[in-house]
A.B. asks: 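What follows is a single structure, and I will ask about it in a moment.
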Amino acid sequence: MILKEKIRELRARFDGELAKAGTPEALEALRVAFLGKKGPVTDLMAELRNVEQSEKAEAGQLINTLKNELSEAIVKTGEALRAAALAAEIRRQKKYNPTLPARDAAGSYHPITLVQRELEEIFSSMGFTIEDYPEIVDDYHCFEALNIPKHHPARDMQDTYYIENGQLLKTHTSAAQNYIMKKYGAPLRAIFPGRCFRNEAIDACHENTFFQMEGIMIDENISISNLIYFMKTMLSEVFRRDIKVRLRPGFFPFVEPGFELDINCLICGGKGCPSCKNSGWLELCPCGMIHPNVLKAGGIDVDRYTGFAFGLGLTRLAMMKFGVKDIRDFNGGSLSALSQFVSE
Ligand code: FA5
């Protein structure tokens with residue numbers, strides 16, 4: 001039967017191509033090429049018309065078996081590729097060792113840039129735009145527009161560096177919220193990464209210069225469930241494994257209700273170490289529902305819209321992702337430390 005010959009030939013061709021498909025994209029292209037509407041398997045189905053009535057049932061079964069085998073092989077190879085990628089990622093995450101000599105690398109991205117780009121991809125795929133905002137801001141944007149009037153005690157937590165004209169180095173990426181609300185109005189989905197500055201007592205998890213990534217989503221009927229969904233999706237994409245998180249009430253004048261989202265310290269596995277101030281947990285991403293006063297200041301109709309905001313500690317996320325025990329390694333400018341984060 002000539003059909004059997006064709007099936008054998010097709011299977012051999014498929015196996016050859018499958019062996020060469022080394023990426024999920026190549027695998028998908030292979031699936032479309034062989035099993036898609038215009039592929040050879042569909043052609044074989046069409047050829048069934050010309051097969052003798054007495055042989056039709058057997059021929060149909062052969063084609064179905066071929067189709068199932070090709071689909072299964074694609075799924076299995078996909079799983080193997082994903083497992084290999086995960087193993088490479090874990091190897092990459094584990095190999096950070098600040099005592100190693102510098103790699104012979106012409107240059108590499110800073111680990112915070114790597115994490116930032118990864119997050120930008122995750123949030124862009126969920127419809128968020130990526131915004132930029134200056135590092136030197138005025139008091140209104142950094143505090144007043146965020147429901148933090150002059151002399152509010154919340155300012156004590158964010159002491160910063162002032163310049164003579166009254167402007168200041170921004171203490172948090174929330175400083176861009178008002179500007180972005182006014183720029184786009186509602187509905188709105190945006191993230192804005194940025195460098196922040198605070199007058200801090202520096203230790204293993206506090207720097208005077210660090211990165212955050214803010215996110216806001218404003219629309220009709222936005223609730224805490226939306227907030228939790230986006231936080232969970234983001235963390236599972238970044239870590240690609242199960243990590244323990246906890247959500248507890250937190251106070252920020254610009255959200256109501258407000259939460260602290262902590263992750264189980266991945267440096268010590270939750271036992272307690274200097275990186276998590278011996279608590280086993282690391283404050284990573286405060287968040288909450290945007291306070292109506294903040295929405296109003298941004299020109300948003302509070303009778304129609306609600307929204308959530310989060311302020312992710314990008315530098316701390318990079319610590320957890322790459323297993324960096326001391327935040328000071330990021331700003332130290334040591335080539336031996338930084339050259340280990342070459343993206344693969
Ligand atoms: C804020 O900065 C709020 N603007 C976050 C926010 C946004 C809350 C939107 C609600 C809604 P906080 O001061 O806790 O909150 O800082 C946020 C995160 O930045 C912290 O969880 C931590 O991961 C990181 N962070 C803060 N201070 C430092 C520091 N000195 N060094 C390194 N990371 C820091």
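Each ligand, and each atom within it, is numbered from 1 in the order the structure gives.
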A.B. asks: List, ordered by chain and residue number, the protein residues whose closest non-hydrogen atom lies under 4.0 Å from any atom of ligand 1.
C.D. replies: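 Near ligand 1, by chain and number: Gln158, His172, Ser174, Arg198, Glu200, Cys205, His206, Glu207, Phe210, Gln212, Glu214, Phe252, Phe254, Val255, Glu283, Leu284, Pro286, Cys287, Ala309, Phe310, Gly311, Gly313, Arg316, Ile327.
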
A.B. asks: If the condition is side chain to side chain donor-acceptor pair (under 3.5 Å), which residues does His206 pass it with, not counting sequence neighbours?
C.D. replies: Asp203, Arg316

A.B. asks: What's the shortest heavy-atom distance between Ile224 and Pro257, and which atoms?
C.D. replies: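 Result for this residue pair: CD1-CG, 3.8 Å.
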
A.B. asks: Are the ring centres of Phe34 and Phe14 closer than 6.0 Å?
C.D. replies: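 Aromatic pair counts; centres sit under 6.0 Å.
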
A.B. asks: Compute the centroid of each ring, for Phe254 and then for His172, and state whether the two points are separated by less than 6.0 Å.
C.D. replies: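 Close enough - the centres of the two rings lie under 6.0 Å apart.
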
A.B. asks: For residues Phe230 and Met213: do they belong to one hydrophobic cluster (side chain heavy atoms under 4.5 Å, members Ile, Leu, Val, Met, Phe, Trp, Tyr)?
C.D. replies: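 Result: yes, single cluster for both.
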
A.B. asks: Under 6.0 Å between ring centres: does that hold for Phe123 and Phe310?
C.D. replies: yes

